[in-house]
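These numbers come from a predicted model, not from an experiment.
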Amino acid sequence: MVGKNQGSRPRRQKMGWSDLDGTDGLVEVLTTLIWIASTHHAAVNFGQYAFAGYMPNKPSMSRKLIPEENDTHNEDATLISSDPVTYLMRLVSKQSQAVELMALLEILSSQASDEEYLGQRTSTPFSSSDFNLLQAFEKFGQRLKEVEAEILERNKDPRLFHRRGSVTVDYTLLVPSFDAGITGRGIPNGISI
């Protein structure tokens, strides 16, 4: 478990980092770095387009202040109640700005087909004849498959409504397997921007 030194004293931390005073400290630091550069980045990055690509969910800007509730001297205050769609369209990003943001989010949320993903070993520099290393890597890959199966199984549980929302879209951001394009799944081995 990250953050605990199993079977011994709790790890001391300085400025958010654990002391690098032995094997346990090294494992904790490397685990944190791998998490940030792979899984955390994938969870934050690859889900952007599905939500923020639809401008009303996340406009890139607001061009006007929202009027006070009973402001009778402000034209927008009456427009907000008489024609809220027109008011919203005057308030939020212009169409050209929204399209630019959508294009950017599409690029950021797209999975590359030639990228290496967590648990993959396609490049030759990682080749090794160390049996223990290869066995650990195989065990890690097997654990990733178990995690994926668990995520997909939880998506089927109707008691976990918060995982889907009212539109019944399965949670896939931390599903390790991937496809190229905007899939909302897959964990690259590192940040690829």
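D170 contributes atom CG, which lies 9.5 Å from atom CZ of R185 (distance to the nearest 0.5 angstrom). One finds the CD1 atom of I80 at 9.0 Å from the CG atom of L88 (value rounded to the nearest 0.5 Å). Here CG of L173 is found 11.5 Å from OG1 of T39. Values are rounded to the nearest 0.5 Å. Within the model, atoms OG of S38 and CG of N189 stand 7.0 Å from one another, a figure rounded to the nearest 0.5 Å. Between the CZ atom in F137 and the CD atom in Q142 there is a gap of 12.5 Å [rounded to 0.5 Å]. One finds the NZ atom of K64 at 8.0 Å from the CG atom of L79 (value rounded to the nearest 0.5 Å).
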Step by step, work out the side-chain contact (heavy atoms from CB on, under 4.5 Å) result for K94 and Q97. CA-CA 5 Å; K94 293 180 182 178; Q97 293 166 323; 3.6 Å; yes
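Judged by distance alone, the side chain of N45 and the main-chain N or O of L108 form a donor-acceptor pair under 3.5 Å. Using a distance-only test at 3.5 Å, with no hydrogens or angles considered, a donor-acceptor pair links the side chain of T32 to the main chain of E28. In this structure a side-chain-to-backbone donor-acceptor pair under 3.5 Å is present from D130 to N132.
Closest of all the heavy-atom pairs between G186 and A42 is O-CB, 3.7 Å. Shortest non-hydrogen contact noted between V27 and T31 is O-OG1, 2.6 Å. Minimum heavy-atom separation, R63 to R90: NH2-O, 3.0 Å. Taking every heavy atom of both residues into account, I151 and L174 meet most closely at CD1-O, 3.4 Å. Counting all heavy atoms, side chain and backbone alike, E115 lies closest to Q111 at OE1-OE1, 4.4 Å.
No single ILVMFWY cluster, assembled from side-chain heavy atoms under 4.5 Å apart, contains both V99 and L105.
Every side chain to side chain contact (heavy atoms under 4.5 Å, CB included) that L144 has, sequence neighbours left out, goes to L118, F140, P176.
Residues L20 and L26 form a side-chain contact, since some pair of their non-hydrogen atoms from C-beta on lies under 4.5 Å apart.
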Without placing hydrogens or testing angles, list every side-chain donor-acceptor pair under 3.5 Å for residues 49-60, not counting sequence neighbours.
residue: N57; atom: ND2; partner: F51; partner atom: O; Å: 3.1
residue: S60; atom: OG; partner: S93; partner atom: OG; Å: 2.8

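Ring geometry for Y117 against F178 counts as parallel: the plane angle stays under 30°, on a 0 to 90° scale with 60° as the upper cut.
Q48 and S109 share no side-chain donor-acceptor pair at under 3.5 Å.
Ion pairing of E146 with R143 is present here, as a side-chain N (NZ or NE/NH1/NH2) and a carboxylate O approach within less than 4.0 Å.
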